[in-house]
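Because the structure is predicted, anything quoted here is derived from the model rather than measured. Numbers for residues simply follow the sequence, beginning at 1. Atoms within a ligand are numbered from 1 in the order they appear, just like the ligands themselves.
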Amino acid sequence: MGKAWTNRVIYGRLNWWSYEVKTHKCDMQMPLEILLINGPNLNMLGVRQPNVYGRSSLKDLEILCEREARSLGLSIDFRQSNAEGELVSRIQGARGAADGIILNAGALTHSSIALLDALASAEVPTVEVHMSNIHRREQFREKSYVSVFAAGMVCGLGSYSYVLGLRAIHNILNSRQ
Ligand code: DHK
């Protein structure tokens, strides 16, 4: 996990009568680690309903997120799965291993208590993101189980929802005591 480590660096100096070993302190800032998870059907971005989800592919989204994360000093693990169980396992695995989660659970947003329970067990600060505005679509998309745990949600801005999601998690993590 991203923590400030204070290490002692050992170095040696050789002169003609002795070899003296000295140490000095050196602070290294490890990047905050973010698990970025995409749920079912998000592998179809760019092909699937472009009027709703845009023309960018999942790979384009990954490149955009990598670039934004780098500029914020975050390290991201970008994942997608169509399987609920795999998403649950990924979220469980974030406990004690990731500093933050960005989650677009796709349709599981609206149905999966298992994902909500995984988030609650992982206890990792989470921001929910969606490409589309889930409040301007069918009524069944209005309910989000992920929102019960998430610190906040960004939706309706296409790929830019992820950019803002990354900025939000960066802000949340950096304003912790
Ligand atoms: C993605 C999906 O696949 C839908 O099932 C959700 C979400 C909305 C999105 O907008 O990114 O309802």
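- Atom 9 (C) of ligand 1 has as its closest protein heavy atom M131 N, 3.4 Å.
- What sits closest to atom 7 (C) of ligand 1 on the protein, heavy atoms only, is H130 ND1, 3.7 Å.
- E84 and S112 form a side-chain donor-acceptor contact under 3.5 Å, judged by distance and modelled atom types alone.
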R167 vs E68, side chain to side chain contact (heavy atoms under 4.5 Å, CB included): CA-CA, chis, key distance, verdict: CA-CA 8 Å; R167 290 182 194 170; E68 181 64 22; 2.8 Å; yes

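- Protein heavy atom closest to atom 6 (C) of ligand 1, with residue, atom name and distance, is H110 NE2, 3.4 Å.
- Under the 4.0 angstrom criterion for non-hydrogen atoms, N104 is in contact with ligand 1.
- Distances from ligand 1 to the non-hydrogen atoms of R48 include at least one value under 4.0 Å.
- A side-chain donor-acceptor contact under 3.5 Å links Y162 and N38.
- None of V127, I134, T109 except one satisfies the side chain to side chain contact (heavy atoms under 4.5 Å, CB included) rule with M153; the exception is I134.
- No side-chain donor from either of R90 and S81 sits under 3.5 Å from a side-chain acceptor of the other.
- Judged by a 6.0 Å distance limit and a 45° cone about the ring axis, K143 is positioned over the six-membered ring of Y145.
- For the pair L42 and ligand 1, the shortest N or O to N or O distance does not fall below 3.5 Å.
- At the top of the distance list for atom 10 (O) of ligand 1, counting protein heavy atoms only, stands S132 OG, 2.6 Å.
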